[in-house]
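Okay, structure first, notes after.
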Amino acid sequence: MCTITPISLTVGANRILPTVAIPHPLGNPNITKEKEYELRYSLVERAINALQTEIKEQTIFEQ
Amino acid sequence: MIKIVHYINQFYGGIGGEEFAGYKPEVREGFVGPGLGLNSLIKDQAEIVATVICGDTFFNENMDQAKSEIITMIKKYNPDIFVAGPAFNAGRYGVACGAICQAVKNELKIPVLTAMYPENPGVEMFVKDAYILETTNSAAGMRKALPALGKFLKKLINNETIGRPEEEGYIPRGIRVNYFAEKRGSSRAVDLLVKKLHNEEFTTEFPMPLFDNVEPHNPVENITQAKIAIVTSGGIVPKGNPDHIESSSASKYGKYDITGVDDLTAETYETAHGGYDPTYANQDSDRVIPVDVLRNMVKEGKIGSLHNYFYSTTGNGTAVADAKKWGAEIAKELVADGVNAVILTST
């Protein structure tokens with residue numbers, strides 16, 4: 001899970017999930033705590049789905 | 001006359017093949033095997049005064065003992081220069097050549113030289129310790145390797161300045177040398193770009209490290225039973241950074257117990273990372289490693305469990321070789337702990 005996905009591709013990560021921003025990949029300080037938790041939950045949920053997805057090559061899991 | 005001691009394995013020493021790889025170190029006066037050709041290339045200024053022969057398996061299985069015995073043998077001849085190989089793509093021989101070069105350089109403080117194929121494991125392990133000339137991958141390349149060694153030896157004999165790797169034929173050691181360039185960086189960069197656009201040959205001033213890709217792993221089959229672990233290069237550490245992980249160019253990683261931790265707070269966790277604004281991670285480290293969400297997902301039965309340790313380092317300026325080594329160590333522990341999948345977060 002990272003924000004700068006081209007770096008993840010360069011270093012060879014296989015399942016890549018784009019995140020929010022470099023200093024807070026899994027959060028957003030500009031929204032309420034509750035909304036932020038929901039955002040993080042949905043990102044992690046997508047990561048969990050990515051882990052269960054069969055891939056043949058490096059894959060970026062876009063929205 | 002400059003004195004040189006040469007190191008070769010049991011095969012080139014004429015002892016025998018694989019069945020003699022357990023051969024213990026032995027020293028002989030003068031040159032042996034490939035030393036004959038090498039000596040003839042430098043004989044007007046230098047002489048191979050002794051040759052150490054050791055079996056590849058013996059060296060690799062008893063490295064400390066072999067090194068200390070061989071150093072004692074070499075010392076007696078008080079050489080000015082030490083040469084090992086060439087080892088081509090023989091793995092154990094390459095490791096032996098690299099290891100003995102490193103030991104001689106550190107203990108006898110004399111120039112050391114060896115030669116092998118770039119993919120020989122001895123290169124990665126010892127490229128910083130010795131000049132390693134590039135050879136082909138098999139002994140068929142001896143005809144080219146010896147003159148290259150002879151030419152380089154002459155430079156060492158005459159105390160000449162050793163130039164850049166591509167000029168001198170040695171494998172880059174990752175050492176940067178300061179020099180005064182005629183043009184400033186911006187115009188050199190434009191020159192490179194123009195050459196590239198014209199499809200002309202150009203040499204980068206900053207080669208990027210090579211990363212090796214791996215086959216994608218199979219998907220997790222039963223996620224509701226799976227044990228998930230967190231690893232991060234975002235530098236999240238317990239408050240106070242107990243292991244003193246450096247804010248950049250980290251020399252280590254940390255392993256932290258989160259048994260009973262359901263939420264990371266400003267009072268308990270922070271980031272050690274110096275490459276991004278730490279404000280948001282310090283307020284709430286769940287923004288970098290989602291411990292709160294994963295704990296709840298366990299309660300909800302969405303995943304089996306969260307591994308009770310997370311691994312963390314700061315990923316800015318970190319040497320690729322170190323990162324690779326740590327990655328292998330961490331993966332080994334995670335597998336041993338029964339972890340089925342990892343979420344790696346990066347800032």
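We use all heavy atoms of the structure for the numbers below, so side chains are in, but hydrogens, waters and symmetry mates are not. To find a chain, count down the sequence lines: A is the first, B the second, and so on, and within it residues start at 1.
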**Prompt:** Can you list the residues that meet the side-chain hydrogen bond (donor to acceptor under 3.5 Å, both in side chains) rule with Tyr253(B), with sequence neighbours excluded?
**Reply:** Glu329(B)

**Message:** Under 4.5 Å from any heavy atom of chain A, what part of Leu344(B) do you find: side chain, backbone, both or neither?
**Reply:**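 The backbone, not the side chain.
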
Could you list every donor-acceptor pair linking chain B to chain A (distance under 3.5 Å, backbone and side chains)?
residue, atom, partner, partner atom, Å
Val214(B), O, Asn14(A), ND2, 3.1
His217(B), O, Arg15(A), NH1, 3.1
His217(B), O, Arg15(A), NH2, 2.9
Val220(B), N, Leu51(A), O, 2.8
Asp284(B), OD2, Lys33(A), NZ, 3.0
Arg287(B), O, Leu26(A), N, 2.7
Arg287(B), NE, Glu36(A), OE2, 2.5
Arg287(B), NH2, Glu36(A), OE1, 3.2
Arg287(B), NH2, Glu36(A), OE2, 3.4
Asp292(B), OD1, Arg40(A), NE, 3.1
Asp292(B), OD2, Arg40(A), NE, 3.4
Asp292(B), OD2, Arg40(A), NH2, 2.7
Asn296(B), ND2, Tyr37(A), OH, 2.6
Glu300(B), OE1, Tyr41(A), OH, 2.2
Lys302(B), NZ, Tyr41(A), OH, 3.0
Lys302(B), NZ, Glu45(A), OE2, 2.5
Leu344(B), O, Met1(A), N, 2.7
Ser346(B), N, Met1(A), O, 2.9

**Fill in**
Assert top hit (heavy-atom pairs under 4.5 Å, partner chain B, pool Val11(A), Ile55(A), Ile4(A)) equals Val11(A)

**Request:** Count the heavy-atom pairs under 4.5 Å between each of Ala13(A), Cys2(A), Pro23(A), Gly27(A) and chain B, then report the option with the highest count.
**Result:** Pro23(A)

**Message:** Looking at Glu201(B), I want to see if its CD is surrounded by more than 12 non-hydrogen atoms of other residues, nucleotides or ligands under 6.0 Å.
**Reply:**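 It does not: Glu201(B) CD has 12 such atoms or fewer within range.
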
**Prompt:** Hey, is NZ on Lys195(B) packed in by over 12 heavy atoms from elsewhere, all under 6.0 Å?
**Reply:**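 At most 12 heavy atoms, drawn from other residues, nucleotides or ligands, come within 6.0 Å of this atom.
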
**Asked** How long is the gap from CG on Leu51(A) to CD1 on Ile228(B), to the nearest 0.5 Å?
**Response**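 Here the interatomic distance stands at 5.5 Å.
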
